[in-house]
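Working notes, structure below.
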Amino acid sequence: GICFVAVDGDRLVGTIAARPSNPADDCPFYREPGVWAFGQFAVHPECQRQGVGRRLLAAVEEVARAEGAHALALDTAEGATDLIARYRAWGFEVVGQVDWRPFTNYLSVVMRKDLGLTTG
């Protein structure tokens, strides 16, 4: 995969990691050819609501499209309603669930965004 970081001077203020589909992934949605998944997405609290997250996500979308992806996917805790609402505002929709337990103590929703490319 690939990781992007956002910096402000010499200070790290954001990060996101993305990877292409993997037929061996435990999450069925992440196995689909042409679907890139991302995670490890964070923006320093002092830098939130300044467009840092949107720029990081746009960088991932650009690389995924260049690599032939037709969709981008993520998972987040189903109780993270604020995050789910933000991802919906950015064009993602809930398409399923994944259970990472025992590594977590919660269920996650899987969200997906169409990148506007056709498969073929």
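Along the sequence shown, the residues carry numbers beginning at 1.
- Annotation: the span from H44 atom NE2 to D8 atom CG amounts to 10.5 Å, rounded to 0.5 Å.
- In summary, of the residues considered (D114, V35, L57), a side chain to side chain contact (heavy atoms under 4.5 Å, CB included) with L72 occurs for L57 alone.
- In this structure, R19 pairs ionically with D25, as a charged nitrogen and a carboxylate oxygen lie closer than 4.0 Å.
- For the pair W100 and S108, the minimum side-chain heavy-atom distance is below 4.5 Å.
- F4 and L12 fall into different hydrophobic clusters, defined by Ile, Leu, Val, Met, Phe, Trp and Tyr side-chain heavy atoms under 4.5 Å apart, directly or through other members.
- In plain terms, the two heavy atoms of Y106 and D99 that are nearest each other are O-OD1, 4.4 Å.
- Rounded to the nearest 0.5 angstrom, I2 CD1 and E67 CD are separated by 8.5 Å.
- Screening residues 76-92 for side chain to side chain donor-acceptor pair (under 3.5 Å) gives E78-Q97 as the qualifying pairs, with residues at least two apart or on separate chains.
- For residues 46-60, the salt bridge (Lys or Arg N to Asp or Glu O under 4.0 Å) pairs, not counting sequence neighbours, are R11-E46.
- Every residue meeting the ring-ring contact (aromatic ring centres under 6.0 Å, His included) condition with F41, not counting sequence neighbours, appears here in chain and number order: F38.
- When atom types are taken as modelled, the side chain of R65 and the backbone of L115 share a donor-acceptor pair closer than 3.5 angstrom.
- With hydrophobic clusters built from ILVMFWY side chains whose heavy atoms lie under 4.5 angstrom apart, F29 does not share a cluster with W36.
- Counting non-hydrogen atoms of other residues, nucleotides and ligands closer than 6.0 Å to CD of E62 gives a total of 12 or fewer.
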Candidate pair D75 and C27, rule side-chain contact (heavy atoms from CB on, under 4.5 Å), full reasoning
CA-CA 9 Å; D75 63 86; C27 178; 5.7 Å; no
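- No side-chain heavy atom of I16 sits under 4.5 Å from any side-chain heavy atom of C3.
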Show your working on side-chain contact (heavy atoms from CB on, under 4.5 Å) between R101 and L107 and close with a plain yes or no.
CA-CA 8 Å; R101 292 178 287 194; L107 286 174; 3.5 Å; yes
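- Q48 contributes a side-chain N or O that, together with a main-chain N or O of V43, makes up a donor-acceptor pair within less than 3.5 Å.
- Under a hydrophobic-cluster definition in which Ile, Leu, Val, Met, Phe, Trp and Tyr are linked whenever side-chain heavy atoms come within less than 4.5 Å, directly or via other members, I84 and V98 are assigned to different clusters.
- When all heavy atoms of C47 and V13 are compared, the closest pair comes out as SG-CG1, 3.6 Å.
- The minimum heavy-atom distance between K113 and G91, with the atom names listed, is CG-O, 3.6 Å.
- Note on L83 and V94: same hydrophobic cluster, where clusters join Ile, Leu, Val, Met, Phe, Trp and Tyr whose side-chain heavy atoms are under 4.5 Å apart, directly or indirectly.
- Residues P33 and S21 approach most closely at CA-OG, 3.6 Å, considering heavy atoms.
- Linking Ile, Leu, Val, Met, Phe, Trp and Tyr whenever their side-chain heavy atoms come within less than 4.5 Å leaves V63 and Y30 in two separate clusters.
- Closest non-hydrogen pair, P20 versus G1, comes out as CD-CA, 4.3 Å.
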